[in-house]
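Because the structure is a prediction, the values reported are computed rather than measured. Proteins get letters first, then strands, A, B, ... in listed order; numbering begins at 1 in each.
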Amino acid sequence: DGGITQSPKYLFRKEGQNVTLSCEQNLNHDAMYWYRQDPGQGLRLIYYSQIVNDFQKGDIAEGYSVSREKKESFPLTVTSAQKNPTAFYLCASQGQYSNQPQHFGDGTRLSIL
Amino acid sequence: AQKITQTQPGMFVQEKEAVTLDCTYDTSDPSYGLFWYKQPSSGEMIFLIYQGSYDQQNATEGRYSLNFQKARKSANLVISASQLGDSAMYFCAMREVGGGADGLTFGKGTHLIIQP
């Protein structure tokens with residue numbers, strides 16, 4: 001089945017540590033996105049990529065980094081500069097037309113040890 | 001100013017009743033799209049319905065319909081004949097086609113609980 005796979009489902013980070021969240025899609029979508037969700041809140045855009053080897057900052061990019069070396073993959077690194085990383089992280093992809101919905105993965109819950 | 005406002009943090013509704021979830025938005029872009037998503041407690045985001053700014057008719061998808069009032073900048077989701085499985089968080093989101101950052105702007109959501 002076509003879809004988006006995020007891993008791991010749960011992730012724990014120690015102070016000062018970088019961690020990487022995986023996002024893979026087989027929908028053949030050019031555009032991919034990372035969102036952060038805090039408890040009781042909506043989603044906020046961290047980074048997005050509309051094409052391979054190109055990505056743009058969203059509203060809350062500080063403390064995060066991404067890469068887009070392959071169309072199918074858009075990993076997110078939460079760096080030690082992100083002082084409040086505990087959140088639910090969702091990856092999404094979208095087809096080429098603006099009226100198409102974004103498809104989401106099942107998310108990764110990141111916590112601080 | 002918030003671009004998407006959902007004024008109902010939580011709602012309790014009796015099973016089989018219709019429910020309306022409110023959403024107002026703010027944009028100066030004449031071309032935009034409005035989306036509703038459902039998020040069960042498991043966390044995944046499920047797309048429900050889409051309304052484009054130039055669409056002449058209100059969108060419908062099964063038990064879901066969208067009450068789109070462009071002049072009032074509102075896009076309320078209507079769920080008919082609610083079911084216990086409808087209990088979830090519901091998010092309204094907007095995509096501005098004209099410019100600025102790509103991606104969706106989300107409201108803070110409404111927690112809907114369907115009671116038997």
Side-chain angles (χ1 to χ4, degrees), chain A residues 3-6 8-11 21 23 27 29-51 54-61 66 68 74 76 87-110, chain B residues 2-10 21 23-25 27 29-55 59 61 64 66 68 88-111:
Chain A
I4 299 179
T5 301
Q6 288 187 242
K9 193 172 181 69
Y10 299 95
L11 188 57
L21 284 60
C23 177
L27 299 167
H29 288 165
D30 284 316
M32 296 186 74
Y33 308 82
W34 274 104
Y35 293 91
R36 169 181 171 142
Q37 186 179 25
D38 292 285
Q41 300 294 315
L43 281 65
R44 292 183 291 168
L45 183 65
I46 305 173
Y47 266 99
Y48 64 97
S49 169
Q50 292 178 318
I51 199 166
D54 185 57
F55 48 83
Q56 305 293 331
K57 292 181 180 180
D59 300 320
I60 55 166
V66 293
R68 188 85 187 275
F74 190 40
L76 173 74
F88 187 50
Y89 291 87
L90 285 154
C91 178
S93 72
Q94 182 172 340
Q96 65 181 114
Y97 299 109
S98 61
N99 63 349
Q100 292 176 298
Q102 291 188 2
H103 298 263
F104 286 83
D106 289 342
T108 293
R109 291 194 186 277
L110 176 60
Chain B
Q2 288 187 44
K3 287 198 168 186
I4 298 286
T5 302
Q6 295 182 251
T7 57
Q8 306 151 310
L21 304 180
C23 173
T24 57
Y25 58 92
T27 181
D29 190 338
S31 181
Y32 55 89
L34 296 157
F35 300 81
W36 277 92
Y37 283 86
K38 172 183 178 182
Q39 187 180 42
S41 57
S42 51
E44 73 269 31
M45 297 289 283
I46 302 167
F47 166 70
L48 297 177
I49 196 166
Y50 165 83
Q51 181 82 44
S53 58
Y54 294 115
D55 292 344
E61 287 286 350
Y64 304 108
L66 209 151
F68 181 48
M89 286 291 294
Y90 287 81
F91 292 97
C92 179
M94 176 174 64
R95 183 178 189 186
E96 295 165 290
V97 179
D102 197 0
L104 297 175
T105 301
F106 285 82
K108 293 187 176 184
T110 295
H111 189 191

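- Y37(B) touches chain A through its side chain: at least one heavy atom from C-beta onward sits under 4.5 Å away, while N, CA, C and O do not.
- Looking at every heavy atom in both residues, G43(B) comes nearest to L90(A) through O-CD2, 4.2 Å.
- Contacts of Q102(A) with chain B are made by both backbone and side-chain atoms, with heavy-atom separations under 4.5 Å.
- Of the possible donor and acceptor atoms, one in the side chain of Y35(A) sits under 3.5 Å from a partner among the backbone N and O of L104(B).
- In the displayed structure, I46(B) atom CD1 is contacted under 6.0 Å by more than 12 heavy atoms of other residues, nucleotides or ligands.
- Contact of Y97(A) with chain B is made through the backbone alone, with heavy-atom distances under 4.5 Å.
- Residues F35(B) and N99(A) share a closest heavy-atom pair of CE2-O, 4.1 Å.
- With a 4.5 Å cut-off on non-hydrogen atoms, Q37(A) touches chain B through its side chain but not through its backbone.
- Only the side chain of Q39(B) comes within contact range of chain A, with at least one heavy atom under 4.5 Å from a heavy atom of that chain.
- Rounding to the nearest 0.5 Å gives a distance of 13.5 Å between CD of Q41(A) and CZ of F106(B).
- Looking at every heavy atom in both residues, Y33(A) comes nearest to R95(B) through OH-NH2, 3.9 Å.
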